[in-house]
Amino acid sequence: MKIVFATGNSGKLREASEILGGGFELVTPVQMGITDDVPETGLTLKANSIIKAEHIWKSCGCTCFADDTGLEVSALGGAPGVHTARYAGEDKDFNRNMDKVLEELAVLRTECSMAESLGVRMNRYSRRARFRSVITLIQKGEKYFFEGILDGSISYFKSGNGGFGYDPVFIPDEYPGKTLADISEEEKNAISHRGKALRAMASFLNTL
């Protein structure tokens, strides 16, 4: 089955192709002649995935899907969330994005330590986090939604050479002491938020 995946991220495309397997042929918008950038103006991950998928559908009328993924850090009130890709600026520099998250958690840790030294108990500091992916699939004009969540925590420093995005600072619960960038692609795909959402979508498509 040929499906247009609304992404220009080679890492995401490779990951999705590996997870979906040989029964699906993924093509990019550029391969379909769709080159315009779509502003992600939604206030939620689901809204952004709808915006991107609808743009592809209106442009080519092909079966297509888009995902939007957010890193949600408990101590930061769920941030970066919908702003995950642009957390440190519009240039989508993930090294800067990771640095910003680590710096904010370091500041919060210092504030909590200082407060506790003065006898004030603060429960705000935590390194718990989760990745959440929402997929919008458009098939014959109908929208279908799939979600995947990966729970874990934020490391104190970057580690690993694999993966992409925030992978070097995210420690999944399934691999204590290792970031997503430390484990193999096969190990990551088996547990990842996007993998869970993609497998749910694949199961649905296989019933059609």
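Because the structure is a prediction, the values reported are computed rather than measured. What's counted below: heavy atoms across the whole structure, side chains too, no hydrogens, waters or symmetry copies.
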A.B. asks: Roughly how far, to the nearest 0.5 Å, is CG of Asp167 from CG of Asp182?
C.D. replies: 10.0 Å
A.B. asks: Please identify which of these residues, Thr28, Val38, Val4, meets the side-chain contact (heavy atoms from CB on, under 4.5 Å) condition with Ile56.
C.D. replies: Val4
A.B. asks: Are Phe131 and Ile19 in one and the same hydrophobic cluster, where Ile, Leu, Val, Met, Phe, Trp and Tyr link if side-chain heavy atoms are under 4.5 Å apart?
C.D. replies: no
A.B. asks: Please evaluate residues Arg194 and Thr69 with respect to the criterion side chain to side chain donor-acceptor pair (under 3.5 Å), reporting the C-alpha separation (whole Å), side-chain torsions for both, the decisive distance (0.1 Å), and the verdict.
C.D. replies: CA-CA 8 Å; Arg194 190 174 293 107; Thr69 294; 3.2 Å; yes
A.B. asks: Does a salt bridge link Arg96 with Asp91, judged by any charged N lying under 4.0 Å from a carboxylate O?
C.D. replies: yes
A.B. asks: Report yes or no: does Asp151 contribute a side-chain atom to a donor-acceptor pair with the main-chain N or O of Arg130 at less than 3.5 Å?
C.D. replies: no
A.B. asks: Taking the cut-offs as 6.0 angstrom to the six-membered ring centre and 45 degrees off its axis, would you call Lys46 and Phe145 a cation-pi pair?
C.D. replies: yes
A.B. asks: Do Asp67 and Ser49 come within less than 4.5 Å of each other through their side chains, counting heavy atoms only?
C.D. replies: no
A.B. asks: Is there a donor-acceptor pair under 3.5 Å between the side chain of Tyr166 and the backbone N or O of Thr84?
C.D. replies: yes
A.B. asks: Cation-pi check for Tyr156 against Arg127: NZ or CZ below 6.0 Å from the six-membered ring centre and within 45 degrees of the axis, yes or no?
C.D. replies: yes
A.B. asks: Look up atom CG in Leu20 and atom CG in Leu205, then write down how far apart they are to the nearest 0.5 Å.
C.D. replies: 8.5 Å
A.B. asks: If you compare all heavy atoms of Phe146 against all heavy atoms of Ala197, which two are closest, and at what distance to 0.1 Å?
C.D. replies: CB-O, 3.7 Å
A.B. asks: Calculate, to the nearest 0.5 Å, the distance between atoms CG and CG belonging to Leu105 and Leu76 respectively.
C.D. replies: 5.0 Å
A.B. asks: Is there a path from Ile3 to Ile135 through hydrophobic residues (I, L, V, M, F, W, Y) whose side chains come within less than 4.5 Å of each other?
C.D. replies: yes
A.B. asks: Looking at Lys143 and Glu54, is any side-chain nitrogen of the basic one under 4.0 Å from a carboxylate oxygen of the acidic one?
C.D. replies: yes
A.B. asks: Is there a donor-acceptor pair under 3.5 Å between the side chain of Glu187 and the backbone N or O of Ser184?
C.D. replies: yes
A.B. asks: Restricting to non-hydrogen atoms, name the atom on Thr63 and the atom on Trp57 that form the minimum distance, rounded to 0.1 Å.
C.D. replies: N-CZ3, 4.4 Å
A.B. asks: Within the 4.5 Å heavy-atom criterion, are Thr179 and Val169 side-chain neighbours or not?
C.D. replies: no
A.B. asks: Using a 3.5 Å distance criterion without hydrogens, assess whether the side chain of Lys100 forms a donor-acceptor pair with backbone atoms of Tyr87.
C.D. replies: yes
A.B. asks: If I take atom SG from residue Cys64 and atom NE2 from residue His55, how far apart are they, to the nearest 0.5 angstrom?
C.D. replies: 10.5 Å
A.B. asks: Salt bridge check, Asp99 against Lys158: does any charged N sit closer than 4.0 Å to a carboxylate O?
C.D. replies: yes
A.B. asks: Counting C-beta onward and ignoring hydrogens, is there a side-chain heavy-atom pair between Glu25 and Lys2 closer than 4.5 Å?
C.D. replies: yes
A.B. asks: Under 4.0 Å between a Lys/Arg side-chain N and an Asp/Glu carboxylate O for Glu147 and Lys196?
C.D. replies: no
A.B. asks: Does this structure show an ion pair linking Asp173 with Arg128, if we count only N-O contacts that are shorter than 4.0 Å?
C.D. replies: yes
A.B. asks: Test the Lys92-Phe164 pair against the cation-pi criterion, namely NZ or CZ under 6.0 angstrom from the six-membered ring centroid and within 45° of the ring axis.
C.D. replies: no
A.B. asks: Can you check whether Asp68 reaches Val82 side chain to side chain, under 4.5 Å on heavy atoms?
C.D. replies: yes
A.B. asks: Grouping I, L, V, M, F, W and Y whenever their side-chain heavy atoms are under 4.5 Å apart, do Ile149 and Ile191 come out in a common cluster?
C.D. replies: no
A.B. asks: Roughly how far, to the nearest 0.5 Å, is the CE atom of Met201 from the CG atom of Leu137?
C.D. replies: 6.0 Å
A.B. asks: Do Leu150 and Glu174 have side chains that approach each other closer than 4.5 Å (heavy atoms only, starting at C-beta)?
C.D. replies: yes
A.B. asks: Hey, does Phe65 have a side-chain heavy atom less than 4.5 Å from the side chain of Ile138?
C.D. replies: no
A.B. asks: Are the side chain of Thr136 and the backbone of Ala53 linked by a donor-acceptor contact shorter than 3.5 Å?
C.D. replies: no
A.B. asks: Is Arg86 reaching over with its side chain to a backbone N or O of Asn97, donor-acceptor style, under 3.5 angstrom?
C.D. replies: no
A.B. asks: Does Met32 belong to the same Ile/Leu/Val/Met/Phe/Trp/Tyr cluster as Leu13, with side-chain heavy atoms less than 4.5 Å apart forming each link?
C.D. replies: no
A.B. asks: Do Glu72 and Leu45 come within less than 4.5 Å of each other through their side chains, counting heavy atoms only?
C.D. replies: yes
A.B. asks: Could you state the interatomic distance from CD1 (Ile34) to NZ (Lys58), rounded to the nearest 0.5 Å?
C.D. replies: 12.5 Å
A.B. asks: Using the rule that Ile, Leu, Val, Met, Phe, Trp and Tyr join whenever any side-chain heavy atoms are under 4.5 Å apart, tell me whether Tyr175 and Leu71 fall into a single cluster.
C.D. replies: yes
